[in-house]
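Below: the structure, in structure tokens.
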Amino acid sequence: MCGIIGYIGSREAQPILLNGLKRLEYRGYDSSGIAVISPKRNAISIRKSPGKIKLLEKVLKEKPVFGSVGIGHTRWATHGSPTQGNAHPHADCKNEIAVVHNGIIENFEALKLQLIKEGHCFLSQTDTEVIAHLIGKFYNDIPLEDAVRQALRLLRGSFAVGVISKRETAKMVGARLGSPLILGLGKNENYIASDVPAILGLTRDVIFLEDNEMAILGKDSFKVIDWHGQPVAKKPVHIAWDTASAQKQGYKHFMLKEINEQPQVLENLLNLRIDTKSRKINFKEMEICEDKLKDLKHIFIVACGTAYHAGIVGKYALESLCSIPVSIDFSSEFRYRDLLVGPDTLVIAISQSGETADTLAGAREAKKRGSIVISICNVLGSTLTRESDGVIYTHAGPEIGVASTKAYTAQVLVLYLFAFYLAQIRASMPVVKINRYLDDLNKIPKQIGMILKRQQTIAKLARKHAHFGSFLYLGRNINVPTVLEGALKLKEIAYIPAEGYAAGEMKHGPIALIDEYRAVVCIAVESKVFEKMVSNIQEIKSRKGKVIAIATEGNKEIKGLTSEVVYIPKCEEIFSPLLAVVPLQLLAYHIAVKRGCDADQPRNLAKSVTVE
């Protein structure tokens, strides 16, 4: 949610800031702006606009800004509607400083009232402008970073900020508390950003700020201090992602590219995690003693959105393979419940970004109660990974599309691998059976590739059904989370009301919705509940529902029930969620395109939800 980019160096800042903002579009936004110190005018020039970045580009084409120090921002509205006045950056009363901010300031109203009494004049409805005025209030005969520190100590809530001043033109300040901010280190130039993709192509050497830390950057220097002004030693991390992985590479949308990247992502994960000789599964970066995992009595999985659906698949797999009870909860609920967790409980926190506010809070609550916390995450060095006892990286590469695809299947695969890892160390399953499962799991990437070769057939099916006003998704057993994920994808990017249900629950309510105006997507793959799924399809057909079936290759019975069938390769039932979800991703994508929706940047959504 929201995005920050900052630059200090010798080059013109405007194009660097604009390109950085474009790379942050995936985070979700509804306005954008930049501020640049213009040394010739001894002023800060601010340009901003509601809407997409192309509108900001138009403003800058008519009124460019010149200077080599600046900050930029994409805003996702919280306080105040997405207008030009509410867009960031914001300035103080004297227009001496400019501020960009991600997060929410919970006590901004009280601070604003006090500042107004002191004579400050506000121009926006945002909580962010309070920060600018507070810094301006303290910015007398002290350095900029000291004024920023004094201001931030008064704030309650979460924030990442970037600040520049026309009085100190060789300096840029960044700070964080509860919202991500990184430093990018270049040659004779440095950067701040919300996320790595913003600075890919400029540098791969980054520093992840922790909560209550502040960075003071020059073009060839940086210093990190805490809230009390004490130095903090930090080591740069080298990012392996390249710029090509964050580009569309000929695809119409990032989402379509990322759907098609799934076979390679999963194959890489399998090669990384499974030792070909010993067949042992390794999680070298997890660094948790096996004895602690052997003695576990309970596992809790906490996640939000798509990651939550991956977690449900993980629950099925862990209970089946490891014979250990598993509970799963939305992070936003988990953090506020009276938690019954302790030292014999493992909490698995799943987050693509590693910055999801509710998941972070849930992990912290679990740690307070003595639980072991393992995070499953895609972003190296993110807050969740640093605060967990152990981490398993999904190594999916940058995912730019807001609607998660390859990160989801990577999370599911990691959960399968973790289940087999636990089964190995707890001896809950014969080694021969584990190895047979691993052989089948290794076939999955190629099988997804086979589905992707038929995607034009799925696209044709999607276009045929794009006019339906609502969809129902039905599945059973381990594919209940698959239909939840399929329905979510359609809602996210095509804006069509869609519900995912366990098919056995259909007669307990959803059947009332079925008529000739609703499409029903049914996962009817080969499984122990296949015949029951067939009965559900017959019930739908008798009520004139339009059935789209996801079925196993070679199944002729489905053809007798509906002509709209997408076949997936035959696999072990336990792994079918990895295959069945791919047609649902493509179905949602092509319906969205047919309806003229932006598949990469759906309205009102953010890639990384860093506020509650």
Side-chain angles (χ1 to χ4, degrees), residues 2 4 6 31 33-38 41-48 69-73 75 77-169 171-179 181 192 211-216 225-229 611:
C2 305
I4 287 173
S31 61
I34 68 171
V36 173
I37 299 174
S38 302
R41 296 176 50 240
N42 188 31
I44 294 178
S45 300
I46 296 177
R47 305 284 187 269
K48 47 190 181 177
V69 181
I71 50 178
H73 192 262
R75 176 178 184 251
T78 55
H79 298 75
S81 56
T83 64
Q84 182 169 340
N86 288 332
H88 298 206
H90 291 288
D92 66 327
C93 287
K94 299 177 183 177
N95 290 314
E96 287 188 331
I97 62 169
V99 174
V100 290
H101 159 239
N102 291 350
I104 290 178
I105 306 304
E106 295 171 357
N107 61 333
F108 89 99
E109 289 184 347
L111 292 170
K112 184 174 181 178
L113 286 172
Q114 180 59 38
L115 287 163
I116 289 172
K117 288 179 182 178
E118 294 173 6
H120 292 258
C121 180
F122 283 78
L123 303 177
S124 79
Q125 300 165 297
T126 68
D127 54 342
T128 301
E129 195 180 355
V130 164
I131 303 174
H133 287 280
L134 277 176
I135 296 171
K137 172 183 175 179
F138 296 120
Y139 193 32
N140 297 313
D141 299 322
I142 58 175
L144 178 62
E145 60 268 29
D146 289 347
V148 174
R149 280 195 301 114
Q150 289 189 40
L152 298 187
R153 285 175 180 171
L154 299 178
L155 304 181
R156 292 201 312 270
S158 66
F159 53 80
V161 299
V163 188
I164 56 174
S165 165
K166 73 173 188 178
R167 281 165 45 187
E168 297 180 74
T169 59
K171 181 184 292 182
M172 178 170 60
V173 174
R176 70 157 284 175
L177 175 64
S179 193
L181 193 70
I192 59 172
D211 282 351
N212 301 307
E213 289 183 349
M214 175 185 296
I216 303 99
I225 61 175
D226 63 20
W227 256 215
H228 302 290
V611 295

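Summarising the geometry of S124 relative to N86, their closest heavy-atom pair is CB-OD1, 3.3 Å, with the distance given to 0.1 Å. Annotation for A151 and L155: closest pair O-CG, 3.6 Å, computed over non-hydrogen atoms. Taking every heavy atom of both residues into account, G103 and S179 meet most closely at N-OG, 4.5 Å. Closest heavy-atom contact between G162 and I71: O-CD1, 3.6 Å. Pairing each heavy atom of D92 with each of A132, the nearest pair is CB-O, 3.5 Å.
For S81, there are no side chain to side chain donor-acceptor pair (under 3.5 Å) partners at least two apart in sequence or on another chain. With sequence neighbours left out, V148 forms a side chain to side chain contact (heavy atoms under 4.5 Å, CB included) with I135, L144, L152, V163, V173, M214. Considering only residues two or more places apart in sequence or on other chains, D211 meets the side chain to side chain donor-acceptor pair (under 3.5 Å) condition with R176. Not counting sequence neighbours, the partners of S38 by the side chain to side chain donor-acceptor pair (under 3.5 Å) test are S45. Contacts of H133 classified as side chain to side chain donor-acceptor pair (under 3.5 Å), with partners at least two apart in sequence or in another chain: H120, E129.
Summarising the geometry, atom OG belonging to S158 is positioned 9.0 Å from atom CG belonging to N102; distances are rounded to the nearest 0.5 Å. Atom CE of residue M172 and atom CD of residue E168 lie 13.5 Å apart, to the nearest 0.5 angstrom. Once rounded to the nearest 0.5 Å, the distance linking SG of C2 with CD1 of I104 reads 9.0 Å.
Under the ring pair (Phe, Tyr, Trp, His ring centres under 6.0 Å) criterion, the residue pairs touching residues 83-107 are H73-H88, H88-H90, with sequence neighbours excluded.
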side-chain contact (heavy atoms from CB on, under 4.5 Å) evaluation trace for I216 with I225: CA-CA 8 Å; I216 303 99; I225 61 175; 3.8 Å; yes

Stepwise side-chain contact (heavy atoms from CB on, under 4.5 Å) check, I34 with I46: CA-CA 6 Å; I34 68 171; I46 296 177; over 6 Å; no

Stepwise salt bridge (charged side-chain N to carboxylate O under 4.0 Å, His left out) check, K166 with E96: CA-CA 6 Å; K166 73 173 188 178; E96 287 188 331; 5.4 Å; no

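Under 3.5 Å, the side chains of Y139 and Q150 contain no donor-acceptor pair of N or O atoms.
Residues I44 and I164 meet the side-chain proximity criterion, which asks for heavy atoms closer than 4.5 Å. Taking the side chain as every heavy atom from C-beta outward, R156 and I105 never approach each other to under 4.5 Å. Between N212 and D226, every side-chain heavy-atom pair lies at or beyond the 4.5 Å cut-off. In this structure, I4 and I192 have side chains that are in contact, with non-hydrogen atoms separated by less than 4.5 Å. The shortest side-chain heavy-atom distance between I131 and F108 does not fall under the 4.5 Å cut-off.
The main-chain N or O of P89 is found under 3.5 Å from a side-chain atom of K48 such that the two form a donor-acceptor pair. For the pair R149 (side chain) and W227 (backbone), a donor-acceptor distance under 3.5 Å is present. Not a single donor-acceptor pair under 3.5 Å links the side chain of K112 to the backbone N or O of V130.
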